[in-house]
Amino acid sequence: MKNHFYISLICTCLIVACSKDPNYLFELENVEINQASADKNRLKTDIEFVSIAFNDLYAQNISQGELDDIITVYKSFGDKSIVIEMIIRKFISDENSQIPNIDRSTEQTVKQFVQETYETIFNRTPNAFEKWYLTDYIYSHQEIDAEMVYYSLMTSNEYRYY
Amino acid sequence: MKRRTFIKKLGLTTGTTLVAPYILPSGRLFAATGARKANHVVVCLFAGGVRSLESHLFANGSYGNVMPYTFNGSTEDLAGDDVGQILGTPSEQTLQEQGTLFSNVKLKYGPTGHYNGHATLLTGVYTDTNLNINSNPQYPTLFELYRKHNSPSMSALNAWWVSNSLGPYPQLNYSTDPSYGPAYGANYIQPQRFLNVGYDSIYSAENFAFGNNQNTNQNINALRGFCDENFSRVFSNNEGIVNTIEDRILLESFIQDNFEKTALGAFNDPWNIGINVYNNDMLTIFFAEEIIKEFKPELLVVNMQNVDTAHSNTTNYLKNLKRADYALAHLWKTIKTTAGMENTILIAVPEHGRNSQTNGRVDAFGREGTDHTGDSMSRDVFTMVLGHQTDSFVNTNSIIDTEKETIDIVPTVANILGFDNDIPIGRINGNVLNEAFN
């Protein structure tokens, strides 16, 4: 009797031990990784600033001649903030710059504009608060156009860093 | 009279008596601790390397005067000098007759290089071979000393540095000294490049119209302010000086006006002497005059450098000396005819001289070139001090031949504007050119 018990126990253990492992399949959802604003700690050089601004607004690289001219102007005036703002205004007011219009048909379309603008200008996704605040502000101020939003972001502190 | 009313009136009277002396004619509430000799100083760095022989020694000697507007002495015709024939000779007094000429001024120490000479003149401290041309000067500049040692500190619109070229020269508007720096720097412009290249590359009518109303500005400030509040770093514009919001509006308006004048060709022949006569020195001086007329700054420094063609083309050197001579006189005339610039002292000084020996490079007219490699003549310069005042402190028609140094310019300007005693001891080493003043 005692032997039967041990034989049964061993058989049970063997059966359990030999069971086939389940084949787990782990899948990852695609997540777009964007830089958080707090991680931007490197100041753009003058050349980087102008080149990146041009690229952000024209979706193409600035030519060496145009870059040289703008840097010459930049060096020719002492108050750099005035020159920088003039450069950005020139880019923004140029009819060839690729600034999308704000679709004000719904709050959702304005939210979409905020999202895309942050991705273009700040190279990151706006956090929930940024998205809510700017959407609300733009939606409630009908006079705000896309150029004003682009100009505000491109003359902010964050745009000086990468 | 009731006691309380009496005390109140007494207090007001006493207060007014105490405050009144500090409200100056210029509208300033406070002065630096020293008395001023003038309310405006314009320094013209007659730079590029001007040899004593071709400037005051020739003029006041017996060799013929190459700079008839600046110095006394008869001119002589030079072969190939078409410029001198156009610019002619002055119908009024020479600058020498109107002021004090220091004929024995030395760049006593340090390399006789253009930037070294400029840095020495603008900091009041001699440089050495370690001067870094890729960085702002180590010692505080005249602009920083002026803006810091006045109470309250002077607006940046009151201090201007106008240079005729780029390279290291823009850096002379402030130093790397941690006690001074961009917060006390001068507004800087290299007008030719800024206006001509800028007109093509950053100017547009829409540019200046953008954000040109209060509502738009409020929205931009709100949006930008929100972004800045949500970003942990503050961008401090530590690569340049910063003007106040009110001054920025004035500056942008001035820039726009001058871009539009550039487009209209208003700067092609501003002095009506013929479009082909101008060189960069003359146009730089012209733009300095525009700044003087617009902002009436208390301190403006402008330089010329085109005479440096002397290395290889002495005929052009002589022609450019004549252009610079004419431009300096024009600058002085503009100062004297600009309302609000009464009470101005102008100082003209080259940054260094040129060698006594020629370098063997002969131009088309057989004239040999000269370098500036540190011999005794390359350290010799002149200094001219002129006063435009009702009761001028500046001696006229006076020549001082006792030895002076180019490091004396900073303390002299500080003395004129009344802040020399406020500069910490040891910061500058030169002496005030007291012989210029009565």
Side-chain angles (χ1 to χ4, degrees), chain A residues 37-41 43-46 65-95 118 121-122 126-127 129-130 133-134 137-138 141 143-145 147-161, chain B residues 156 160-161 163 166-167 170 173-174 182 185-211 215-216 218-228 230-243 247-248 251-252 255-256:
Chain A
S37 67
D39 294 339
K40 295 181 182 176
N41 56 10
L43 191 62
K44 294 172 185 170
T45 64
D46 303 333
E66 283 177 286
L67 182 60
D68 288 346
D69 282 350
I70 288 173
I71 294 301
T72 296
V73 176
Y74 181 84
K75 287 179 178 171
S76 305
F77 200 76
D79 190 328
K80 304 304 181 195
S81 62
I82 288 180
V83 185
I84 284 294
E85 291 189 13
M86 287 176 65
I87 293 167
I88 298 297
R89 288 205 304 258
K90 163 77 175 183
F91 287 168
I92 284 177
S93 57
D94 185 349
E95 60 184 16
Y118 258 67
I121 303 300
F122 286 159
N127 63 36
F129 178 65
E130 289 169 330
Y133 179 89
L134 288 176
Y137 193 91
I138 294 168
H141 290 76
E143 71 277 14
I144 292 178
D145 58 21
E147 284 79 11
M148 286 163 61
V149 178
Y150 267 59
Y151 180 74
S152 304
L153 267 61
M154 293 180 81
T155 53
S156 71
N157 290 332
E158 183 172 346
Y159 197 66
R160 300 296 312 212
Y161 289 85
Chain B
W160 280 85
W161 164 222
S163 79
L166 291 174
N173 65 340
Y174 62 87
N187 267 300
Y188 167 78
I189 189 166
Q190 201 283 46
Q192 297 310 306
R193 305 302 292 275
F194 184 75
L195 290 176
N196 292 320
V197 180
Y199 179 75
D200 292 332
S201 58
I202 68 167
Y203 175 77
S204 70
E206 296 80 12
N207 187 335
F208 283 93
F210 185 82
N215 199 23
T216 303
Q218 280 175 352
N219 282 323
I220 287 172
N221 288 337
L223 293 167
R224 181 168 45 204
F226 173 77
C227 293
D228 288 345
N230 286 281
F231 184 65
S232 56
R233 296 178 192 283
V234 175
F235 168 61
S236 61
N237 199 335
N238 57 3
E239 287 193 7
I241 67 138
V242 178
N243 289 281
D247 288 353
R248 282 173 59 101
L251 265 175
E252 289 205 29
I255 291 168
Q256 180 180 11

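Here is the naming used below: chain letters follow the sequence lines, and residue numbers restart at 1 for every chain.
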Anything under 3.5 Å between a donor and an acceptor, one on a side chain of residues 191-201 of chain B, the other on a protein residue two or more places apart or in another chain? List them.
{"from": "B:N196", "atom 1": "ND2", "to": "B:Q192", "atom 2": "O", "distance (Å)": "3.1"}
{"from": "B:S201", "atom 1": "OG", "to": "B:V197", "atom 2": "O", "distance (Å)": "2.8"}

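Ring geometry, A:F129 versus A:Y133: the interplanar angle falls from 30° to 60°, so the pair is classed tilted.
Only the side chain of B:N215 comes within contact range of chain A, with heavy atoms under 4.5 Å apart. For A:Y118, the part lying under 4.5 angstrom from a heavy atom of chain B is the side chain only. Looking at A:E66, there are no atoms closer than 4.5 Å to chain B (heavy atoms on both sides), in backbone or side chain. Heavy atoms of A:F77 lying under 4.5 Å from chain B belong to its backbone as well as its side chain.
Judged by a 6.0 Å distance limit and a 45° cone about the ring axis, A:K44 is not positioned over the six-membered ring of A:Y161.
Counting heavy-atom pairs under 4.5 Å between each of B:L251, B:N219, B:I189 and chain A puts B:N219 at the top. The residue among A:I87, A:I70, A:T72, A:I92 with the most heavy atom pairs within less than 4.5 Å of chain B is A:T72.
Residues A:Y151 and A:E85 have side chains that bring a donor and an acceptor to within less than 3.5 angstrom of each other.
In this structure, the side-chain hydrogen bond (donor to acceptor under 3.5 Å, both in side chains) partners of A:D94, at least two apart in sequence or on a different chain, are A:Y58.
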